[in-house]
Each structure stands twice: as structure tokens, then as C-alpha cells.
**Q** 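Can you read through this structure? Questions will come right after.
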Amino acid sequence: MADWANLQLIDHHCHGLVQRDLDQGEFETLLTEASTVAVSAFDSRIGLAIRRWCAPILDLPEHAPADEYIARRRELGFSEVDDRFMGSAGLSGLCVDTGYVPEPISTPADLASLAGGAAWEIVRLEQVAEELYGQVDAIGFAQAFQSALEQRTASAVGVKSIAAYRVGLDLDPARPGADTVADAVWRWFSGEKRLADPVLQRFLIWCAVDRGLPIQFHVGLGDSDVDMKSGNPLLLMPLLRAIEPTGVPVMLLHNYPFHREAGYLAQVFGNVHVDVGLATHNLGDRSSVLIEETLELAPFGKFLFSSDAFGLSELYYLSSRLFRRGMAAVLGTGVSVGSWSASDADRLALLVASGNASRVYGLG
Amino acid sequence: MADWANLQLIDHHCHGLVQRDLDQGEFETLLTEASTVAVSAFDSRIGLAIRRWCAPILDLPEHAPADEYIARRRELGFSEVDDRFMGSAGLSGLCVDTGYVPEPISTPADLASLAGGAAWEIVRLEQVAEELYGQVDAIGFAQAFQSALEQRTASAVGVKSIAAYRVGLDLDPARPGADTVADAVWRWFSGEKRLADPVLQRFLIWCAVDRGLPIQFHVGLGDSDVDMKSGNPLLLMPLLRAIEPTGVPVMLLHNYPFHREAGYLAQVFGNVHVDVGLATHNLGDRSSVLIEETLELAPFGKFLFSSDAFGLSELYYLSSRLFRRGMAAVLGTGVSVGSWSASDADRLALLVASGNASRVYGLG
Amino acid sequence: MADWANLQLIDHHCHGLVQRDLDQGEFETLLTEASTVAVSAFDSRIGLAIRRWCAPILDLPEHAPADEYIARRRELGFSEVDDRFMGSAGLSGLCVDTGYVPEPISTPADLASLAGGAAWEIVRLEQVAEELYGQVDAIGFAQAFQSALEQRTASAVGVKSIAAYRVGLDLDPARPGADTVADAVWRWFSGEKRLADPVLQRFLIWCAVDRGLPIQFHVGLGDSDVDMKSGNPLLLMPLLRAIEPTGVPVMLLHNYPFHREAGYLAQVFGNVHVDVGLATHNLGDRSSVLIEETLELAPFGKFLFSSDAFGLSELYYLSSRLFRRGMAAVLGTGVSVGSWSASDADRLALLVASGNASRVYGLG
């Protein structure tokens with residue numbers, strides 16, 4: 001069987017790293033989706049996984065206490081820490097979402113250099129739109145957005161929609177007409193810059209369909225600002241039916257706890273793909289089960305790896321390590337109980353690790 | 001402990017087989033609920049299960065490649081293939097839904113003969129109604145439907161509602177009045193033949209309740225035409241509360257990924273029964289977990305076997321093989337860890353395999 | 001590693017015991033949430049768990065038949081039976097919901113004496129309100145309720161809302177104004193005593209927030225009267241966002257089959273805690289998986305034990321036994337595969353067993 005432990009992964013959805021040293025509170029805030037640190041995140045599966053898997057990379061014993069971990073992290077400095085984790089993550093490529101920058105973070109080029117792999121850009125639709133806020137008149141927005149999207153994605157490999165955070169996924173599938181869009185822009189420009197309008201979210205998505213690049217959707221797991229019940233991927237079915245004939249790939253991100261629902265969509269829609277990013281490291285050593293459940297219906301040819309890492313290089317390392325471990329558990333168990341052959345397992349592992357991402361995003 | 005591998009099953013929901021040889025694309029289209037063959041269905045759990053469990057029945061080694069499997073299938077011819085799979089499925093009885101016939105398929109009698117068991121008919125409510133489309137006037141529809149249903153079910157053992165496909169399961173529980181029905185029929189007859197009206201779906205269901213036969217409901221898993229979020233069985237609760245006092249059995253079919261919700265309904269409503277048909281073969285070797293999760297709350301006396309096989313005789317064989325394997329895993333593990341005795345396990349296995357179906361449908 | 005089998009638990013949500021001997025039908029009715037005994041509850045996981053775990057406490061062999069179990073129970077008499085099960089449950093404390101009394105049941109003091117632990121009261125908000133039905137005028141209700149709540153909770157440690165049973169959890173988060181409350185009371189007093197008004201449920205909850213005690217919410221699993229789809233804890237998100245800044249603890253009870261969703265809420269909201277009471281004994285030997293799934297995202301510092309036992313002392317014993325067994329499986333497996341150290345496991349076990357309850361409810 002393949003050397004699972006050294007399988008190179010393409011991370012098809014991730015973010016930059018913060019450029020500073022962190023105290024324990026700051027570290028814990030970046031570790032999970034919690035709004036406040038009420039109880040220690042180290043007493044969650046993710047924190048226990050940090051102590052197990054990440055401590056040795058910083059020369060600490062497995063299960064080193066949280067305060068020793070943080071102290072050692074500060075002692076080494078974030079730059080050395082990032083070097084170690086990114087260098088150990090085993091990533092041959094990264095598709096970096098550049099649309100969320102609450103503070104200075106590393107660029108796709110920085111990440112590529114740290115990881116020793118290639119990096120490509122994923123452009124966030126809402127960010128492109130919000131840069132036009134108040135810069136054009138309502139009637140001119142549609143064309144201005146299309147031009148801006150064309151320009152911003154000239155060398156990008158995909159786009160991302162955070163409709164789930166703004167208006168939920170229960171989107172009318174119809175492409176909105178010009179007058180409807182102009183009216184919605186007029187209302188938006190009369191309010192705050194943050195775009196959260198169902199007509200405009202649909203407009204952005206249809207412009208992305210025209211552009212022809214894979215479209216990533218935030219689904220499921222997020223912080224307490226997300227309306228989780230409106231992040232159920234089944235709500236996307238009307239829109240997926242409308243997009244399917246165009247052949248434009250749709251990438252459902254995260255998905256937990258709706259990962260079985262997402263797996264179903266990956267089976268029935270020819271253009272739908274799924275991952276379990278963000279959830280993989282949040283579930284720690286339990287992530288094998290998450291992968292197993294998603295692959296109940298999702299074809300191996302539609303399942304991808306992503307970390308959705310943001311801020312902490314530990315999240316890149318932890319996700320890739322846990323993902324390899326989970327895939328090895330799923331595929332290895334299958335071989336040992338006779339569900340498939342070892343050569344099938346090797347072939348399917350390569351699809352999931354990098355083959356699907358290369359094919360869907362057209363990576364070098 | 002019982003000889004699980006030879007436990008005879010009653011398949012309480014299934015369909016006929018296509019009467020032709022198939023190329024790989026046609027085979028894959030019938031294998032899953034996918035709308036298009038974007039990636040090979042053989043790289044899904046169901047396809048891997050076909051290669052594991054079905055290949056040897058066609059004299060191929062386990063895990064034979066997909067193209068060899070299809071070639072061998074064509075070489076033998078569909079008639080011989082169907083003979084082998086149906087003869088190996090270990091079915092003592094089949095309740096055949098005759099309401100979905102997109103092309104010529106085998107009859108209940110054909111299936112009985114192939115399987116070496118008995119066959120009974122399940123009549124699809126929507127099909128009976130649609131045969132009256134334009135044949136009566138709106139005011140006469142109600143009585144005409146009741147007569148037709150009486151006649152069509154004279155020797156049937158149950159009926160089926162596909163309300164989930166047409167209007168979703170969030171049905172008003174009230175029996176609609178005569179004027180309301182006539183109005184709805186008038187509107188229906190002014191449009192297309194395909195019945196998709198919430199008033200009329202309710203009318204059909206209440207006529208079925210009057211008829212007194214078990215009523216099967218499509219729930220959860222289906223193709224991309226189904227609105228999966230409206231196929232959540234919890235939406236049926238108001239109607240289940242209304243039907244429960246009549247004592248008419250309600251059979252929730254498929255249920256995935258809402259099988260735990262369905263198990264709950266089977267616990268709390270005296271007349272509700274559940275299965276995991278269709279999902280059993282779609283999940284391949286993972287189906288044991290599906291069975292285990294459904295049986296968290298569902299009483300063993302309310303859980304049945306069905307394949308929901310359509311078109312391919314492999315689906316009969318695969319479902320029954322995987323169902324036996326899953327029940328053996330659940331019940332056998334229980335015995336080995338001391339959760340119940342071996343004689344309990346044997347008794348519960350017989351209930352699930354055939355006893356519940358015999359009792360609920362009143363089979364010979 | 002700790003002596004799991006003797007770990008003392010605090011049961012943070014439970015009820016009194018019926019004060020009479022029971023025949024098999026009465027026993028089965030109290031055993032599950034079923035509305036009628038259509039098939040024997042003994043042929044469910046919970047019944048099989050009774051025969052496995054409870055029979056020996058009544059001097060019967062494991063897996064004794066149901067009728068022998070009931071006969072032995074009657075022979076001993078309910079008082080002796082309750083003594084045995086409560087004395088074997090290993091409870092150091094109980095937080096008793098006194099708001100559901102369909103027949104004479106034991107008091108918190110009785111339960112404390114039987115269990116050999118301490119007991120505290122949880123006051124049901126709807127019961128306090130319904131005692132004022134027709135006793136005050138609509139305009140005076142708000143102040144009368146606040147006074148009554150103050151008085152009733154003088155020595156209580158928490159309150160409970162059954163909004164899920166009455167109006168569902170999709171509650172407007174805004175605190176209703178005085179006029180709105182008075183109008184709603186006027187409407188309520190014009191109808192039946194059972195309170196089921198979304199405005200008043202919100203009013204009760206906000207009064208509880210002012211009172212500052214932990215607020216328990218019924219979530220998920222219940223009998224066939226509950227609208228399960230409206231019991232999804234994700235519906236509570238707007239209200240949780242509104243309560244979080246007050247720091248008042250919110251306790252999500254039961255949660256099955258939405259326990260992963262509840263675990264998510266426990267991660268992202270600083271004041272949200274979860275349990276899997278009621279489901280623990282209903283799932284029998286399968287409850288380990290329920291605990292494991294809830295702890296995917298829920299921090300160990302936010303997860304508590306409860307039985308939600310009502311009526312039968314078996315449910316106290318079964319829940320606590322299964323909960324210890326499940327925690328031992330989760331934490332012990334983690335140690336054996338290296339996910340965390342044995343000393344971490346011991347510390348986390350103590351948090352879940354009693355530490356979290358002591359801290360959140362401020363118990364002696």
C-alpha cells in the first residue's frame with residue numbers, strides 16, 4: 001500500500017497566517033470558532049490534538065501542557081513556528097482565499113514559500129463587490145462588478161461565496177435582471193458597506209458562473225455570527241439545479257454537521273464537490289469518522305482536502321496530518337476487511353489528496 | 001446463534017428490472033441517484049461494493065475492474081444475470097411498487113419467479129390518480145379515485161405516497177373537504193398531468209387511510225429532483241398524529257440522512273415503521289453503521305428490510321447481502337459485548353428479516 | 001487511570017419517581033417516549049439495556065425475560081426497588097425539575113435520601129406562570145410573575161423552559177415590552193390555562209435571565225407531542241446571541257438527534273452547555289457513540305451528565321451506568337490510541353462527572 005504518511009496534499013481552501021507572537025488567550029481565540037474564551041479551548045478535541053500532534057514539532061513531548069506549549073511557541077517566535085509547521089504539512093499546493101484580512105496576514109506567495117509548494121488565489125466575491133461600494137452609481141454597478149471580477153480573477157483559480165454568512169443558502173436560483181440588480185444596489189449604497197442582500201448575492205454568483213471558475217460556498221460550520229440552520233447545503237438544491245447544466249464546478253466547504261447531506265449532493269449533482277475543512281482540525285482525533293461519514297455517498301472523485309486554516313500554522317499541520325490519518329483509516333480499514341483492493345485504495349487516495357483538486361481547478 | 005448468512009428476507013419495497021443489456025454508462029446511471037455520470041459511480045462505495053460482492057456471482061474475482069464487470073455482464077446477458085442475482089438474494093417475499101415504469105420492466109410475478117419467493121403488489125397512489133386525469137369531471141374525481149383505489153388494491157398489500165417528490169412532507173394533517181378537493185382537481189386538470197398539489201396529496205393519503213392498508217412514504221434519499229429538505233420525516237409529525245388513532249401502519253422508506261429522526265418516529269408513534277432501503281446499497285460496506293444508527297431508537301419490532309431496487313438485479317443481491325451483514329454486525333456485536341443474549345439476537349433477527357413485514361402487511 | 005466505575009456523578013436534570021407498583025404495560029409506558037405500547041419496548045435498545053444492567057440489581061440474571069423482570073419488581077415492591085437503584089446509581093447530587101407532576105412523585109428530599117446525595121431544585125418557568133392564570137389581571141401579570149419567580153427560586157439553583165414543547169425554539173430574541181406582554185396575557189387568560197404563547201415564553205425567559213440562574217432548555221428528543229423539527233437547537237441562535245453578554249448560563253438538555261448541533265453551540269457561545277440526558281438511557285449500550293459525537297465540538301468543560309429520569313428508578317441507574325461506561329469508552333480509547341494522557345483523561349472525567357455542574361450551578 002502507498003506510503004500514506006508522506007502523501008502530498010493540495011489544500012484547496014485556506015488563508016494567511018498572523019504575523020505576530022500570541023499569548024494563550026489570543027492563541028485560543030484563533031484556535032476555534034468560539035466568540036469568547038469561557039473555558040479553555042485546550043479542553044476540547046482540537047486543543048488536545050494540538051498538544052498531541054503539534055507539541056513535538058516544537059520539540060516538546062506529546063501532551064505537553066497548554067502553558068508550556070504557548071511559552072515554547074513564543075520562545076521560538078512565530079516565524080520559526082510557521083516555518084516548522086508549514087514545512088511539515090506536506091502540501092504540494094494551496095488555493096488561498098484572499099478575501100478575509102482582519103489584520104496583516106501572509107500572502108499566497110509567503111505560504112507557498114513556507115510550504116515548499118505552489119499557491120493559487122481564490123477570490124472572494126463579496127470583497128470584490130464591496131470594493132465598489134460608493135465608487136460607481138447603482139446603474140453602473142453590474143458592469144463594474146463584472147469587469148472587476150474579470151480583472152481580479154485573471155490569474156485566480158476559483159472564487160468564493162460567503163452567502164451563508166450574509167443571507168443564508170436558501171437562494172432563489174433565478175439570475176436577477178438588470179433593473180432588479182440596480183434597485184438592490186441603490187438600497188445597498190443607502191446603507192452600510194457590508195453586503196448582505198439576497199438579490200446581490202445571487203447576482204455575484206451568476207457572474208461567477210459566467211466567469212467559469214469553480215465556485216466555493218461556505219457551508220455549515222462557522223462562528224456564532226453564522227445562522228447555522230441557513231447554512232444547510234440542502235437549501236442550495238434549487239441553485240445547484242440551475243448551475244449544473246453550465247458545468248461550472250461547485251465546491252461545498254466545511255459542511256459539518258451537514259456533511260452527509262453534502263455527500264448526497266456530491267452524488268446526485270455532476271458538478272458538486274465536497275470537503276470537510278475546518279471541521280477536520282476542530283474534531284481532532286475524531287475526524288476520521290467525519291471523513292468516513294462524508295464518503296458514505298460522496299464519490300471519491302468528488303471529495304477534496306482543505307484545511308480552511310486561518311492565522312495559526314498549526315491548523316495547516318494539524319488538518320493535513322489528521323486528514324491523512326483519516327483517509328488511511330478509511331481506506332486501510334477497507335483493504336483489511338476486503339471492501340476494496342490495496343491498489344484501489346492507492347488510486348482513490350491520490351484522487352482525494354491532489355488529483356481531484358488538480359482536475360477541478362486546472363492546476364499546473 | 002442463527003445462520004445469519006442464510007436468513008431469508010422479505011423485501012417490503014422494491015421495483016422491476018430492466019429487460020435489456022447495458023453499457024457502462026447505462027449501468028452507472030441505474031446504479032446511483034446521480035443525474036449525470038460526471039465521475040465514475042464505481043469510485044463510490046456502491047460501485048466498490050458491486051465489485052466486491054457482485055463480481056463473484058458473475059464468476060469474476062472479487063474487485064474485478066469495472067469494465068471487465070460490465071463486459072462479463074453483457075456476455076452472460078441480462079436474463080442470466082438476473083437469474084443469478086435474484087436466485088442468490090435469499091428473498092422469501094417481495095412487495096413490489098408497480099407505480100414507476102419509465103421503460104418495460106419485470107412484473108411482480110417475474111420477480112417472484114426469479115427470486116423463488118412470493119410477490120405482492122404495492123399500489124402507488126399518484127399513479128392511480130393520474131390515470132383519471134381528464135377522464136372524469138372535477139366534481140366526480142373524489143368518488144372515481146376511491147373506486148379506482150378499491151379496485152386497484154383488491155389484491156394489493158399496501159400503497160405508496162410520493163408526496164415527498166411532489167409537494168414535500170410538510171402536509172396539513174386535515175382531511176380536505178369535498179369542495180376543496182373539487183377545486184384542486186379543477187386546477188390540476190387545467191394544467192399538466194403530473195400531480196403535485198398539496199390538497200390532492202392529502203386527499204389521496206386519507207383515501208388510503210380509509211382503505212386500511214399500510215401506507216409507504218418516500219422519505220429522504222432520492223435523486224436531484226427531490227427537495228431533500230422537504231423530505232425530512234419530522235415534517236410528517238402532524239399527519240402521523242392524525243393517522244395514529246386509525247391504527248393504519250405507516251412505513252417510512254429510505255430515510256437517509258434522516259434515519260435517526262425516523263427511528264425516533266418509530267419509537268413514539270405506535271403505527272410508524274422504518275427501513276433504510278436504497279441507502280443500504282448506496283452506502284456499500286458502510287451500511288452496517290446506518291442500520292446501527294437507525295436502531296438507536298427504532299424498536300426491533302418496527303424495523304424492516306427493503307432494497308428499493310430498481311432496474312438492476314445487483315441491487316437486490318447487494319441490499320440483501322449488506323443488510324444481513326449489517327444486522328449480523330449489530331446483533332452479533334451485541335452478543336459478544338453482552339448487550340443481549342444469543343437467543344434474543346436470533347429472535348430479533350427474525351422479526352427484522354421477515355416477521356415484521358409478515359405481520360404489518362398480513363402476508364400469507 | 002481513575003476508577004471510572006466508581007466516579008460520583010451530579011445529575012443536573014431529573015424528576016421524581018412514581019409511588020406505586022407497576023404492571024408491564026405501565027412500566028413500558030414510563031420506559032420510553034412512545035404514545036402507545038404497539039410493540040414491546042423491551043425489544044428496543046432501552047429495554048434490552050434494562051434486562052442487561054438492571055436485572056442483576058433485582059437479583060435476576062442478566063438478560064432475564066421481561067415478564068420475570070416485572071414480576072420480580074412487583075415482588076420486591078417499588079420502595080425496595082427504588083432503594084436499590086438509587087443507592088447503586090452513584091449520584092453525589094441531583095438538580096430536580098419539580099415542574100412536571102402528572103401523579104404523586106417523590107420530592108427532591110426523597111431523591112436525595114434514596115441516592116445518599118444532595119438535592120437542589122430546578123423551577124419550571126411555565127409552571128410558575130400557570131399558577132398565576134386567572135389570579136391577577138393582565139396588566140399586573142408581569143410584576144406578579146417576577147415576584148413569584150423570585151420567591152419560588154429563593155433556594156433553587158436553576159430554572160427550566162419548555163418553550164420547545166409549547167411554541168418551538170424559533171424565538172424572537174427581543175425582550176417583549178410591557179404592553180406587548182399585557183396584550184398576550186389578556187389573550188392567554190381568554191383561553192385555556194396551558195401557556196403556549198411565543199411572546200410570553202420570551203417574557204418568562206428574559207425574567208429568568210434577570211434572575212441570573214442557569215436556564216435549562218428542553219431541546220430535541222421528547223414524546224410525540226413535541227414538534228421535533230422546532231426543537232432543533234440551531235433555532236435558538238438569535239436568543240443565545242442576545243443572552244450571551246449577560247453571562248447567564250444556558251443548558252441545552254437531551255439534544256438528540258441534534259447533539260452535534262448542540263455541541264457546536266457549546267463551542268461557539270461562551271455561556272452554552274450541553275448534555276445528552278434522556279437519550280443516554282434510550283440508546284442503551286449505543287449511548288457511547290452519542291457521547292462521542294457530542295464531544296466532537298463541545299468542550300469537555302461544557303458537557304454535563306443528566307439522566308432526565310422520570311418515574312422509574314431504573315432510569316437513574318441505567319443513565320448513570322451508561323454515562324460512566326460511555327465516558328470511559330471515549331476517554332479510555334483516547335488514552336489507548338494516544339490522543340491524550342491518562343492524567344488528562346482523569347481531569348476531564350471529573351469535569352464532566354461533577355465539576356462542570358458544581359461550577360455552573362454554584363453547588364455547595
Side-chain angles (χ1 to χ4, degrees), chain A residues 28-29 31-53 55-56 61-66 220-232 254 256-260 276 278-290 293 322 325 329, chain C residues 169-170 229-230 232-238 240-241 244-245 247 249-250 257-273 289 292-303 330-331 333-335 337-345 347-348 351-352 355-356 359-360:
Chain A
E28 291 196 22
T29 299
L31 194 57
T32 75
E33 303 295 307
S35 51
T36 59
V37 177
V39 297
S40 175
F42 278 101
D43 286 347
S44 295
R45 282 195 167 270
I46 186 172
L48 294 158
I50 289 279
R51 289 173 53 210
R52 174 189 194 172
W53 298 106
E62 279 192 356
H63 314 309
L221 193 56
D223 62 33
S224 67
D225 276 345
V226 84
D227 177 17
M228 269 285 268
K229 74 173 192 301
S230 301
N232 186 323
H254 325 319
Y256 184 92
F258 309 116
H259 47 286
R260 280 170 157 162
V276 288
L278 185 57
T280 304
H281 53 258
N282 266 280
L283 267 63
D285 285 4
R286 175 80 184 163
S287 50
S288 303
V289 174
L290 170 65
E293 290 181 354
L322 291 171
R325 177 178 174 269
Chain C
L169 296 178
D170 193 10
K229 75 174 191 299
S230 302
N232 187 323
L234 296 181
L235 295 170
L236 273 181
M237 287 188 79
L240 295 176
R241 270 184 219 112
E244 189 179 35
V250 170
F258 309 115
H259 46 287
R260 280 171 156 162
E261 284 84 346
Y264 159 74
L265 297 173
Q267 178 187 90
V268 299
F269 289 103
N271 60 329
V272 172
H273 305 74
V289 174
E292 182 92 284
E293 290 181 353
T294 309
L295 285 166
E296 287 171 355
L297 287 190
F300 284 88
K302 300 287 205 71
F303 185 61
V330 173
L331 289 171
T333 302
V335 173
V337 304
S339 295
W340 41 72
S341 68
S343 64
D344 281 321
R347 187 174 55 81
L348 298 172
L351 282 179
V352 169
N356 295 332
R359 183 185 76 244
V360 174

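What you see is a predicted model; the values in this text were computed from it and never measured. Chain identifiers are assigned alphabetically (A, B, ...) following the order of the sequence lines, protein sequences preceding nucleic acid strands; residue numbering begins at 1 within each chain.
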**Q** Distance from Glu293(C) atom CD to Glu293(A) atom CD, nearest 0.5 Å?
**A**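 One finds 6.0 Å between CD of Glu293(C) and CD of Glu293(A).
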
**Q** Using 0.5 Å steps for rounding, measure from the CZ atom of Phe258(A) to the CD atom of Glu261(C).
**A**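 CD of Glu261(C) is found 5.5 Å from CZ of Phe258(A).
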
**Q** What residue in Asp227(A), Leu290(A), Asp223(A), Val289(A) has the most heavy-atom pairs under 4.5 Å with chain C?
**A**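 Maximum pair count with chain C is reached by Asp223(A).
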
**Q** Applying ring pair (Phe, Tyr, Trp, His ring centres under 6.0 Å), name anything that partners Phe303(C), two or more places apart in sequence or on another chain.
**A**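 Residues passing ring pair (Phe, Tyr, Trp, His ring centres under 6.0 Å) with Phe303(C): Phe323(C).
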
**Q** Can you tell me which portion of Phe42(A) sits under 4.5 Å from chain C's heavy atoms? Options are side chain, backbone, both or neither.
**A**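 Answer is neither: Phe42(A) stays 4.5 Å or more from chain C.
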
**Q** Among Ser230(A), Pro65(A), Gly222(A), which residue forms the greatest number of heavy-atom pairs with chain C at distances under 4.5 Å?
**A**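 Looking at each option in turn, the highest pair count goes to Gly222(A).
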
**Q** Could you tell me whether a side-chain N or O of His63(A) sits under 3.5 Å from a main-chain N or O of Gly338(C), the two making a donor and an acceptor?
**A**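 Judged by distance alone, yes, a pair lies under 3.5 Å.
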
**Q** Give the member of Asp225(A), Asp43(A), Ile46(A) that has the highest number of heavy-atom pairs under 4.5 Å with chain C.
**A**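 That would be Asp43(A).
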
**Q** Which residue is it: Leu234(C), Asn232(C), Val268(C)? I am looking for the one with a side chain to side chain contact (heavy atoms under 4.5 Å, CB included) to Met228(A).
**A**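 Option passing the side chain to side chain contact (heavy atoms under 4.5 Å, CB included) with Met228(A): Leu234(C).
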
**Q** Which atoms of Tyr264(C) are under 4.5 Å from chain A, going by heavy atoms: the side chain, the backbone, both sets, or neither?
**A**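 Looking at Tyr264(C), just its side chain touches chain A.
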
**Q** Please walk me through it: do Leu48(A) and Leu348(C) pass side-chain contact (heavy atoms from CB on, under 4.5 Å)?
**A** CA-CA 11 Å; Leu48(A) 294 158; Leu348(C) 298 172; 3.9 Å; yes

**Q** Minimum heavy-atom separation for Pro299(C) to Val39(A), with atom names?
**A**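 Taking Pro299(C) first and Val39(A) second, the nearest heavy atoms are CB-CG2, 3.8 Å.
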
**Q** Which bit of Leu265(C) is near chain A, if near means a heavy-atom gap under 4.5 Å: side chain, backbone, both or neither?
**A**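 No part of it gets close to chain A.
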
**Q** Please flag which part of Glu244(C) lies under 4.5 Å from any non-hydrogen atom of chain A: side chain, backbone, both or neither.
**A**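 Answer is side chain: those atoms of Glu244(C) sit under 4.5 Å from chain A.
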
**Q** State the NZ-CG distance between Lys229(A) and Asp170(C), to the nearest 0.5 angstrom.
**A**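 Rounded to the nearest 0.5 Å, the NZ-CG separation comes to 5.5 Å.
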
**Q** To the closest 0.5 Å, what do you measure between OG (Ser339(C)) and CZ (Arg45(A))?
**A**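 One finds 6.5 Å between OG of Ser339(C) and CZ of Arg45(A).
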
**Q** I'd like to know which of Gly270(C), Gly334(C), Ala298(C) tops the heavy-atom pair count under 4.5 Å against chain A.
**A**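 Top count of heavy-atom pairs under 4.5 Å with chain A: Gly270(C).
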
**Q** Could you pull out the closest heavy-atom pair between Val226(A) and Met237(C), with the gap in Å?
**A**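 Taking every non-hydrogen atom into account, O-CE, 3.1 Å.
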
